[in-house]
Amino acid sequence: MTKQNKAYKFRLYPTDEQKLMIHKTFGCVRFVYNKMLAERKETYDLLKDDKDALKKVKHPTPAKYKKEYEWLKEVDSLALANAQLNLDKAYQAFFKRNAKFPKFKSKRHKQSYTTNVVNGNIQLLDGHIKLPKLKMVKIKQHRTIPSEQKIKSCTLSMTASGKYYLSILTEYEKEIETKAIKKVVGLDFAMDGLFVDSEGEKANYPKFYRQMLNKLAQEQRKLSRKKKGSSNWNKQRIRVAKIQEKVAYQRKNFLHHKSKELATNYDAVAIEDLDMKGMSQALKFGKSVADNGWGMFTSFLQYKLKEQGKQLVKIDKWFPSTKTCSDCGLVREVTLSERTYQCSCGLKLDRDYNSAINIKKEGIRLLAIA
(Lines give C-alpha, C1' and ligand atoms only; values in the text may rest on other atoms or scores of the structure.)
Protein backbone atom coordinates (compact mmCIF):
# COMPACT_ATOMS: atom_id res chain seq x y z
CA MET A 1 0.00 0.00 0.00
CA THR A 2 1.36 3.42 -0.93
CA LYS A 3 0.20 6.86 0.17
CA GLN A 4 -1.56 8.91 -2.51
CA ASN A 5 -2.69 12.53 -2.63
CA LYS A 6 -5.72 13.93 -4.38
CA ALA A 7 -7.07 17.49 -4.56
CA TYR A 8 -10.69 18.65 -4.81
CA LYS A 9 -11.69 22.21 -5.70
CA PHE A 10 -14.98 23.75 -4.56
CA ARG A 11 -16.61 27.18 -4.72
CA LEU A 12 -16.92 29.08 -1.42
CA TYR A 13 -19.60 31.62 -0.48
CA PRO A 14 -18.26 33.53 2.55
CA THR A 15 -20.22 36.21 4.40
CA ASP A 16 -19.03 39.84 4.36
CA GLU A 17 -17.42 39.33 7.78
CA GLN A 18 -15.64 36.19 6.56
CA LYS A 19 -14.48 37.99 3.41
CA LEU A 20 -12.90 40.65 5.59
CA MET A 21 -10.94 37.99 7.52
CA ILE A 22 -9.95 36.22 4.27
CA HIS A 23 -8.56 39.45 2.80
CA LYS A 24 -6.80 40.25 6.06
CA THR A 25 -5.15 36.80 5.91
CA PHE A 26 -4.15 37.33 2.26
CA GLY A 27 -2.49 40.60 3.29
CA CYS A 28 -0.73 39.16 6.33
CA VAL A 29 0.60 36.16 4.37
CA ARG A 30 1.90 38.49 1.66
CA PHE A 31 3.42 40.86 4.26
CA VAL A 32 5.23 38.06 6.14
CA TYR A 33 6.48 36.44 2.92
CA ASN A 34 7.89 39.75 1.65
CA LYS A 35 9.47 40.56 5.03
CA MET A 36 11.21 37.18 5.21
CA LEU A 37 12.31 37.43 1.58
CA ALA A 38 13.75 40.93 2.09
CA GLU A 39 15.87 39.66 5.02
CA ARG A 40 16.99 36.59 3.11
CA LYS A 41 17.88 38.71 0.08
CA GLU A 42 19.98 41.04 2.25
CA THR A 43 21.78 38.04 3.79
CA TYR A 44 22.31 36.45 0.38
CA ASP A 45 23.81 39.65 -1.07
CA LEU A 46 26.25 39.84 1.86
CA LEU A 47 27.28 36.17 1.93
CA LYS A 48 26.76 34.88 -1.62
CA ASP A 49 30.50 34.39 -2.05
CA ASP A 50 30.75 32.35 1.18
CA LYS A 51 28.48 29.33 0.67
CA ASP A 52 29.40 27.68 3.99
CA ALA A 53 28.47 30.79 5.97
CA LEU A 54 25.26 31.14 3.96
CA LYS A 55 24.20 27.59 4.89
CA LYS A 56 24.67 28.29 8.62
CA VAL A 57 22.46 31.40 8.66
CA LYS A 58 19.21 31.05 10.66
CA HIS A 59 16.40 32.48 8.62
CA PRO A 60 13.55 34.55 10.13
CA THR A 61 10.19 32.96 11.00
CA PRO A 62 6.70 34.55 11.14
CA ALA A 63 6.89 34.49 14.98
CA LYS A 64 9.67 37.10 14.81
CA TYR A 65 7.32 39.72 13.37
CA LYS A 66 4.35 39.13 15.70
CA LYS A 67 5.93 41.16 18.52
CA GLU A 68 6.37 44.22 16.33
CA TYR A 69 3.22 43.76 14.24
CA GLU A 70 0.57 42.51 16.67
CA TRP A 71 -2.17 42.46 14.01
CA LEU A 72 -0.47 39.34 12.60
CA LYS A 73 -1.90 37.46 15.62
CA GLU A 74 -5.45 38.07 14.35
CA VAL A 75 -5.11 35.65 11.41
CA ASP A 76 -4.52 31.90 11.08
CA SER A 77 -0.96 31.17 12.29
CA LEU A 78 -0.77 28.08 10.04
CA ALA A 79 -1.29 30.29 6.98
CA LEU A 80 1.77 32.32 8.01
CA ALA A 81 3.78 29.14 8.66
CA ASN A 82 2.93 27.92 5.16
CA ALA A 83 4.17 31.23 3.72
CA GLN A 84 7.55 30.38 5.27
CA LEU A 85 7.45 26.84 3.80
CA ASN A 86 6.65 28.24 0.35
CA LEU A 87 9.59 30.64 0.59
CA ASP A 88 11.84 27.75 1.67
CA LYS A 89 10.79 25.76 -1.41
CA ALA A 90 11.40 28.74 -3.70
CA TYR A 91 14.88 29.19 -2.19
CA GLN A 92 15.75 25.51 -2.53
CA ALA A 93 14.67 25.56 -6.18
CA PHE A 94 16.88 28.63 -6.76
CA PHE A 95 19.97 27.02 -5.20
CA LYS A 96 19.38 23.84 -7.23
CA ARG A 97 19.32 26.14 -10.30
CA ASN A 98 15.79 24.98 -11.17
CA ALA A 99 14.29 28.44 -10.81
CA LYS A 100 15.06 32.16 -10.62
CA PHE A 101 15.57 34.06 -7.36
CA PRO A 102 12.23 34.32 -5.45
CA LYS A 103 10.15 37.43 -6.22
CA PHE A 104 8.18 39.64 -3.87
CA LYS A 105 4.43 39.03 -3.77
CA SER A 106 2.06 41.69 -5.08
CA LYS A 107 -1.64 42.48 -4.56
CA ARG A 108 -2.09 42.24 -8.32
CA HIS A 109 -1.12 38.58 -8.44
CA LYS A 110 -3.18 35.58 -7.30
CA GLN A 111 -4.40 35.94 -3.74
CA SER A 112 -4.31 32.71 -1.71
CA TYR A 113 -3.25 31.09 1.54
CA THR A 114 -2.90 27.50 2.81
CA THR A 115 -3.86 26.09 6.19
CA ASN A 116 -3.42 22.59 7.64
CA VAL A 117 -5.55 20.15 9.61
CA VAL A 118 -4.70 20.22 13.32
CA ASN A 119 -6.95 18.75 16.03
CA GLY A 120 -10.12 18.83 13.93
CA ASN A 121 -9.86 22.53 13.01
CA ILE A 122 -11.08 21.70 9.47
CA GLN A 123 -14.28 19.73 9.02
CA LEU A 124 -16.65 19.18 6.10
CA LEU A 125 -20.30 19.34 7.15
CA ASP A 126 -23.60 19.53 5.29
CA GLY A 127 -23.15 22.39 2.79
CA HIS A 128 -20.51 24.06 4.98
CA ILE A 129 -16.86 23.69 5.93
CA LYS A 130 -15.28 24.64 9.23
CA LEU A 131 -12.06 26.63 8.69
CA PRO A 132 -9.63 28.26 11.18
CA LYS A 133 -10.64 31.85 12.13
CA LEU A 134 -13.61 31.71 9.70
CA LYS A 135 -15.75 29.09 11.47
CA MET A 136 -18.54 27.76 9.20
CA VAL A 137 -18.27 28.83 5.54
CA LYS A 138 -20.87 27.95 2.91
CA ILE A 139 -19.45 25.61 0.25
CA LYS A 140 -20.80 24.24 -3.02
CA GLN A 141 -19.59 20.64 -2.79
CA HIS A 142 -20.47 19.21 -6.21
CA ARG A 143 -18.72 15.89 -5.52
CA THR A 144 -18.24 13.68 -2.46
CA ILE A 145 -14.82 13.06 -0.93
CA PRO A 146 -14.54 9.32 -0.10
CA SER A 147 -14.50 8.60 3.65
CA GLU A 148 -11.12 6.79 3.44
CA GLN A 149 -9.47 10.00 2.22
CA LYS A 150 -8.22 12.23 5.06
CA ILE A 151 -8.00 15.99 4.61
CA LYS A 152 -4.40 17.22 4.95
CA SER A 153 -4.62 20.89 4.01
CA CYS A 154 -6.84 23.53 2.40
CA THR A 155 -5.85 26.36 0.08
CA LEU A 156 -8.26 29.27 -0.09
CA SER A 157 -7.98 31.51 -3.15
CA MET A 158 -9.78 34.38 -4.82
CA THR A 159 -10.04 34.92 -8.58
CA ALA A 160 -9.64 38.28 -10.31
CA SER A 161 -13.43 38.52 -10.67
CA GLY A 162 -13.92 38.14 -6.91
CA LYS A 163 -14.95 34.47 -6.64
CA TYR A 164 -13.68 32.37 -3.74
CA TYR A 165 -12.48 28.77 -4.08
CA LEU A 166 -11.17 26.12 -1.72
CA SER A 167 -8.74 23.41 -2.85
CA ILE A 168 -8.82 20.48 -0.42
CA LEU A 169 -5.77 18.20 -0.43
CA THR A 170 -6.47 14.66 0.80
CA GLU A 171 -4.27 11.67 1.59
CA TYR A 172 -5.18 7.99 1.29
CA GLU A 173 -3.57 4.59 0.92
CA LYS A 174 -4.01 2.58 -2.25
CA GLU A 175 -2.38 -0.43 -3.82
CA ILE A 176 -1.67 0.46 -7.44
CA GLU A 177 -1.00 -2.55 -9.61
CA THR A 178 1.11 -1.93 -12.71
CA LYS A 179 -1.00 -2.79 -15.72
CA ALA A 180 0.34 -5.05 -18.44
CA ILE A 181 0.94 -2.92 -21.52
CA LYS A 182 -1.22 -4.09 -24.40
CA LYS A 183 -2.54 -0.90 -25.98
CA VAL A 184 -0.15 1.99 -26.71
CA VAL A 185 -0.91 5.28 -28.44
CA GLY A 186 1.44 8.01 -29.65
CA LEU A 187 0.47 11.70 -29.55
CA ASP A 188 2.01 14.35 -31.77
CA PHE A 189 1.53 17.91 -30.51
CA ALA A 190 -0.47 19.96 -33.00
CA MET A 191 -0.49 23.75 -32.84
CA ASP A 192 -3.91 23.64 -34.45
CA GLY A 193 -6.08 21.28 -32.39
CA LEU A 194 -3.85 20.06 -29.49
CA PHE A 195 -2.74 16.67 -30.89
CA VAL A 196 -3.05 13.98 -33.57
CA ASP A 197 -2.77 10.40 -32.33
CA SER A 198 -1.19 7.32 -33.94
CA GLU A 199 -4.68 6.06 -34.87
CA GLY A 200 -5.18 9.12 -37.06
CA GLU A 201 -7.66 10.76 -34.68
CA LYS A 202 -7.47 14.48 -33.89
CA ALA A 203 -8.23 16.10 -30.52
CA ASN A 204 -10.02 18.99 -32.30
CA TYR A 205 -9.42 21.50 -29.52
CA PRO A 206 -12.07 24.25 -29.93
CA LYS A 207 -9.64 27.20 -29.48
CA PHE A 208 -11.61 28.82 -26.67
CA TYR A 209 -9.23 31.77 -26.36
CA ARG A 210 -9.37 32.55 -30.09
CA GLN A 211 -13.18 32.42 -29.97
CA MET A 212 -13.24 35.03 -27.21
CA LEU A 213 -10.42 37.17 -28.58
CA ASN A 214 -12.61 39.85 -30.24
CA LYS A 215 -14.95 40.14 -27.26
CA LEU A 216 -12.00 40.26 -24.85
CA ALA A 217 -10.26 42.96 -26.90
CA GLN A 218 -13.48 45.00 -26.97
CA GLU A 219 -13.91 44.82 -23.19
CA GLN A 220 -10.22 45.59 -22.60
CA ARG A 221 -10.52 48.72 -24.77
CA LYS A 222 -13.46 49.85 -22.62
CA LEU A 223 -11.35 49.24 -19.51
CA SER A 224 -8.44 51.30 -20.87
CA ARG A 225 -10.76 54.31 -21.37
CA LYS A 226 -11.91 54.37 -17.73
CA LYS A 227 -10.18 56.10 -14.84
CA LYS A 228 -8.04 53.54 -13.03
CA GLY A 229 -9.32 52.86 -9.51
CA SER A 230 -12.79 54.29 -10.10
CA SER A 231 -16.03 52.36 -9.50
CA ASN A 232 -16.72 52.01 -13.24
CA TRP A 233 -13.12 50.90 -13.86
CA ASN A 234 -13.49 48.18 -11.23
CA LYS A 235 -16.81 46.97 -12.71
CA GLN A 236 -15.21 46.77 -16.16
CA ARG A 237 -12.12 45.04 -14.74
CA ILE A 238 -14.39 42.33 -13.34
CA ARG A 239 -16.10 41.91 -16.78
CA VAL A 240 -12.69 41.36 -18.40
CA ALA A 241 -11.66 38.95 -15.63
CA LYS A 242 -14.87 36.92 -16.06
CA ILE A 243 -14.19 36.44 -19.79
CA GLN A 244 -10.63 35.28 -19.05
CA GLU A 245 -11.86 32.92 -16.33
CA LYS A 246 -14.51 31.44 -18.62
CA VAL A 247 -11.84 30.62 -21.22
CA ALA A 248 -9.65 29.03 -18.54
CA TYR A 249 -12.55 26.88 -17.24
CA GLN A 250 -13.56 25.77 -20.75
CA ARG A 251 -9.96 24.81 -21.56
CA LYS A 252 -9.50 22.94 -18.28
CA ASN A 253 -12.76 21.02 -18.70
CA PHE A 254 -11.85 19.98 -22.26
CA LEU A 255 -8.36 18.85 -21.24
CA HIS A 256 -9.73 16.83 -18.32
CA HIS A 257 -12.16 14.97 -20.61
CA LYS A 258 -9.52 14.27 -23.29
CA SER A 259 -6.90 13.04 -20.80
CA LYS A 260 -9.49 10.83 -19.06
CA GLU A 261 -10.51 9.32 -22.42
CA LEU A 262 -6.91 8.40 -23.24
CA ALA A 263 -6.15 7.08 -19.73
CA THR A 264 -9.24 4.86 -19.93
CA ASN A 265 -8.61 3.45 -23.42
CA TYR A 266 -4.82 2.90 -23.39
CA ASP A 267 -2.24 1.25 -21.11
CA ALA A 268 0.57 3.61 -22.15
CA VAL A 269 0.69 6.98 -23.90
CA ALA A 270 3.83 8.22 -25.67
CA ILE A 271 4.43 11.97 -26.14
CA GLU A 272 7.36 14.22 -27.02
CA ASP A 273 9.10 16.04 -24.15
CA LEU A 274 8.63 19.50 -25.67
CA ASP A 275 9.92 22.91 -24.56
CA MET A 276 6.58 24.75 -24.59
CA LYS A 277 8.04 28.03 -23.31
CA GLY A 278 10.50 28.08 -26.21
CA MET A 279 7.75 27.27 -28.69
CA SER A 280 5.44 29.97 -27.34
CA GLN A 281 8.21 32.55 -27.87
CA ALA A 282 8.72 31.45 -31.47
CA LEU A 283 7.39 33.60 -34.29
CA LYS A 284 3.55 33.65 -34.47
CA PHE A 285 3.24 30.66 -32.11
CA GLY A 286 2.58 32.44 -28.79
CA LYS A 287 -1.22 32.53 -28.75
CA SER A 288 -1.63 29.10 -30.34
CA VAL A 289 0.60 27.39 -27.76
CA ALA A 290 -0.96 29.28 -24.83
CA ASP A 291 -4.49 28.56 -26.05
CA ASN A 292 -4.43 24.77 -26.25
CA GLY A 293 -2.71 24.21 -22.87
CA TRP A 294 -0.47 21.27 -23.82
CA GLY A 295 1.49 21.49 -20.56
CA MET A 296 -1.69 21.28 -18.48
CA PHE A 297 -2.97 18.44 -20.65
CA THR A 298 0.18 16.32 -20.15
CA SER A 299 0.12 16.85 -16.36
CA PHE A 300 -3.55 15.74 -16.25
CA LEU A 301 -2.70 12.74 -18.43
CA GLN A 302 0.26 11.76 -16.25
CA TYR A 303 -1.63 11.59 -12.95
CA LYS A 304 -4.70 9.93 -14.51
CA LEU A 305 -2.51 7.18 -15.98
CA LYS A 306 -0.53 6.80 -12.75
CA GLU A 307 -3.73 6.31 -10.71
CA GLN A 308 -4.53 3.27 -12.86
CA GLY A 309 -1.03 1.78 -12.88
CA LYS A 310 -0.50 2.89 -16.47
CA GLN A 311 2.41 4.81 -18.01
CA LEU A 312 3.20 8.08 -19.73
CA VAL A 313 6.33 7.75 -21.88
CA LYS A 314 8.19 10.95 -22.78
CA ILE A 315 10.23 10.82 -25.99
CA ASP A 316 13.36 12.97 -26.28
CA LYS A 317 12.53 16.33 -27.90
CA TRP A 318 15.35 15.80 -30.43
CA PHE A 319 13.85 12.53 -31.67
CA PRO A 320 13.20 13.12 -35.44
CA SER A 321 9.53 12.08 -35.41
CA THR A 322 8.60 14.60 -38.11
CA LYS A 323 11.56 13.79 -40.40
CA THR A 324 11.25 9.99 -40.25
CA CYS A 325 9.16 7.85 -42.59
CA SER A 326 6.88 5.71 -40.40
CA ASP A 327 6.98 2.93 -43.03
CA CYS A 328 10.61 2.49 -44.16
CA GLY A 329 12.43 4.56 -41.49
CA LEU A 330 14.13 6.97 -43.93
CA VAL A 331 15.03 10.34 -42.34
CA ARG A 332 14.81 13.48 -44.48
CA GLU A 333 14.44 17.21 -43.97
CA VAL A 334 10.86 18.51 -43.75
CA THR A 335 9.91 22.18 -43.99
CA LEU A 336 7.26 23.72 -41.74
CA SER A 337 4.99 24.39 -44.72
CA GLU A 338 4.86 20.68 -45.72
CA ARG A 339 1.61 19.35 -44.28
CA THR A 340 1.83 15.99 -46.07
CA TYR A 341 4.77 13.62 -45.58
CA GLN A 342 5.86 11.93 -48.83
CA CYS A 343 8.60 9.32 -48.98
CA SER A 344 10.46 7.68 -51.88
CA CYS A 345 9.11 4.33 -50.64
CA GLY A 346 5.63 5.45 -51.68
CA LEU A 347 4.25 6.51 -48.29
CA LYS A 348 1.98 9.55 -48.37
CA LEU A 349 0.52 10.59 -45.01
CA ASP A 350 -0.60 13.62 -43.03
CA ARG A 351 2.56 15.06 -41.48
CA ASP A 352 1.25 14.95 -37.87
CA TYR A 353 -0.22 11.45 -38.27
CA ASN A 354 3.18 10.21 -39.53
CA SER A 355 4.89 11.81 -36.51
CA ALA A 356 2.40 10.24 -34.08
CA ILE A 357 3.11 6.76 -35.49
CA ASN A 358 6.86 7.34 -35.04
CA ILE A 359 6.31 8.54 -31.46
CA LYS A 360 4.28 5.41 -30.72
CA LYS A 361 7.05 3.16 -32.13
CA GLU A 362 9.72 4.94 -30.09
CA GLY A 363 7.52 4.70 -26.99
CA ILE A 364 7.14 0.95 -27.46
CA ARG A 365 10.92 0.65 -27.87
CA LEU A 366 11.57 2.56 -24.63
CA LEU A 367 8.97 0.52 -22.75
CA ALA A 368 10.66 -2.70 -23.89
CA ILE A 369 14.00 -1.41 -22.49
CA ALA A 370 12.37 -0.55 -19.15
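Computed from a predicted model, the values in this text were never measured in an experiment.
Across all non-hydrogen atoms, the minimal contact from Ser326 to Leu347 is OG-CD2, 3.7 Å. Val29 and Ala83 make their closest contact through CG1-CB, 3.9 Å (heavy atoms, listed as atom of the first residue, atom of the second, distance). Of all heavy-atom pairs spanning Gly363 and Ala270, the tightest one is CA-CB, 4.0 Å. In plain terms, the two heavy atoms of Pro62 and Gln84 that are nearest each other are CD-OE1, 3.2 Å. Minimum heavy-atom separation, Gly293 to Leu255: O-CD1, 3.4 Å. Between Asp316 and Trp318 the shortest heavy-atom distance is OD1-N, 2.7 Å.
Here ring pair (Phe, Tyr, Trp, His ring centres under 6.0 Å) pairs that include residues 229-258, with residues two or more places apart or in two chains, are Tyr205-Phe254, His256-Phe300. Screening residues 99-125 for ring pair (Phe, Tyr, Trp, His ring centres under 6.0 Å), with sequence neighbours left out, gives Phe26-Tyr113, Tyr44-Phe101, Tyr91-Phe101, Phe94-Phe101.
In this view, Tyr353 satisfies the side-chain hydrogen bond (donor to acceptor under 3.5 Å, both in side chains) rule with no residue, not counting sequence neighbours. Every residue two or more places apart in sequence or in another chain that forms a ring-ring contact (aromatic ring centres under 6.0 Å, His included) with Phe297 is listed here: Phe195, Trp294. Evaluation of the side-chain contact (heavy atoms from CB on, under 4.5 Å) rule for Ser299 yields no partner, not counting sequence neighbours. Applying the ring-ring contact (aromatic ring centres under 6.0 Å, His included) criterion to Tyr69, with sequence neighbours excluded, gives Phe31, Trp71. Thr115 is linked by a side-chain contact (heavy atoms from CB on, under 4.5 Å) to Asp76, Leu78, Ile122, Pro132, Cys154, counting only residues two or more places apart in sequence or in another chain. For the side-chain hydrogen bond (donor to acceptor under 3.5 Å, both in side chains) test, residues two or more places apart in sequence or in another chain that qualify with Glu338 are Arg332, Thr335. With sequence neighbours excluded, the residues that form a side-chain hydrogen bond (donor to acceptor under 3.5 Å, both in side chains) with Gln4 are Thr2. Lys64 is linked by a side-chain hydrogen bond (donor to acceptor under 3.5 Å, both in side chains) to Glu39, counting only residues two or more places apart in sequence or in another chain.
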Worked verdict on Lys304 versus Glu307 for salt bridge (Lys or Arg N to Asp or Glu O under 4.0 Å)
CA-CA 5 Å; Lys304 283 178 169 65; Glu307 280 180 341; over 6 Å; no
Between Ile271 and Ile315, does the side-chain contact (heavy atoms from CB on, under 4.5 Å) criterion hold? Intermediate values first, please.
CA-CA 6 Å; Ile271 62 169; Ile315 310 302; over 6 Å; no
Side chain to side chain donor-acceptor pair (under 3.5 Å) between Arg239 and Gln236, worked out:
CA-CA 5 Å; Arg239 287 192 192 102; Gln236 187 60 31; 2.7 Å; yes
Evaluate salt bridge (Lys or Arg N to Asp or Glu O under 4.0 Å) for Glu362 paired with Arg365, printing each intermediate quantity in order.
CA-CA 5 Å; Glu362 179 65 5; Arg365 187 186 72 82; 2.8 Å; yes
Give the intermediate values and the outcome of side-chain contact (heavy atoms from CB on, under 4.5 Å) for residues Leu87 and Leu37.
CA-CA 7 Å; Leu87 181 58; Leu37 178 56; 3.9 Å; yes
Evaluate side-chain contact (heavy atoms from CB on, under 4.5 Å) for Cys28 paired with Glu74, printing each intermediate quantity in order.
CA-CA 9 Å; Cys28 289; Glu74 296 174 20; over 6 Å; no
Test side chain to side chain donor-acceptor pair (under 3.5 Å) on Arg30 and Gln111; report intermediate values, then the result.
CA-CA 9 Å; Arg30 185 173 61 249; Gln111 303 297 304; 2.7 Å; yes
Please step through side chain to side chain donor-acceptor pair (under 3.5 Å) for the pair Thr155 and Thr114, ending with a clear verdict.
CA-CA 4 Å; Thr155 299; Thr114 300; 2.8 Å; yes
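Lys35 is not listed as a side-chain neighbour of Pro60, based on a closest heavy-atom distance of 4.5 Å or more. The shortest side-chain heavy-atom distance between Thr340 and Asp350 does not fall under the 4.5 Å cut-off. Using a 4.5 Å cut-off on side-chain heavy atoms (C-beta onward), Leu187 and Leu301 make contact. Within the 4.5 Å cutoff, the side chain of Arg237 has heavy atoms near those of the Asn234 side chain. Residues Leu156 and Leu12 form a side-chain contact, since some pair of their non-hydrogen atoms from C-beta on lies under 4.5 Å apart. A heavy-atom distance below 4.5 Å is not found between the side chains of Tyr303 and Lys6. Looking at Ser157 and Ser167, their side chains never come closer than 4.5 Å, going by heavy atoms from C-beta outward. A 4.5 Å side-chain heavy-atom check between Asn358 and Phe319 finds at least one atom pair inside the cut-off.
Using modelled atom types, no side-chain atom of Asp267 and backbone atom of Ile181 make a donor-acceptor pair closer than 3.5 Å. Proximity of a side-chain donor or acceptor of Gln18 to a complementary backbone N or O of Thr15 within less than 3.5 Å is detected.
Under the 4.5 Å side-chain heavy-atom criterion for ILVMFWY residues, a single connected hydrophobic cluster contains both Tyr164 and Ile168. Under a hydrophobic clustering in which Ile, Leu, Val, Met, Phe, Trp and Tyr are joined whenever their side-chain heavy atoms come within less than 4.5 Å, directly or via other members, Ile22 and Met158 fall into the same cluster. Linking ILVMFWY residues whenever their side-chain heavy atoms come closer than 4.5 Å, directly or via other members, leaves Leu169 and Ile145 in distinct clusters.
Taking a cutoff of 4.0 Å between a charged side-chain nitrogen and a carboxylate oxygen, Lys360 and Asp197 do not qualify as a salt bridge. Contact check on Lys152 versus Glu171 returns a salt bridge, with a Lys/Arg side-chain nitrogen under 4.0 Å from an Asp/Glu carboxylate oxygen. A salt bridge does not link Asp188 to Arg351: none of the charged side-chain nitrogens sits closer than 4.0 Å to a carboxylate oxygen. Ion pairing between a basic and an acidic side chain is recognised when a charged N comes within 4.0 Å of a carboxylate O; Arg40 and Asp88 show such pairing.
With Val247 as reference, Met212 is the one residue of Met212, Lys207, Arg210 to meet the side-chain contact (heavy atoms from CB on, under 4.5 Å) rule. Exactly one residue among Leu166, Ile151, Thr170, Thr144 makes a side-chain contact (heavy atoms from CB on, under 4.5 Å) with Tyr8. That residue is Thr170.
Heavy-atom contacts from other residues, nucleotides or ligands closer than 6.0 Å to NZ of Lys202 number 12 or fewer. In Lys323, the NZ atom is not crowded: 12 or fewer heavy atoms of neighbouring residues, nucleotides or ligands sit closer than 6.0 Å. Around the NZ atom of Lys252, the shell of radius 6.0 Å holds no more than 12 heavy atoms that belong to other residues, nucleotides or ligands. Environment of CD in Glu42: sparse, with no more than 12 heavy atoms of neighbouring residues, nucleotides or ligands closer than 6.0 Å. Remark: Lys163 NZ is packed, more than 12 non-hydrogen atoms of other residues, nucleotides or ligands lying under 6.0 Å away.
The hydrophobic cluster containing Leu20, built from Ile/Leu/Val/Met/Phe/Trp/Tyr side-chain heavy atoms closer than 4.5 Å, comprises no other residue.
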Side chains of residues 134-142: which donor-acceptor partners sit under 3.5 Å, not counting sequence neighbours?
{"from": "Gln141", "atom 1": "NE2", "to": "Arg143", "atom 2": "O", "distance (Å)": "3.2"}

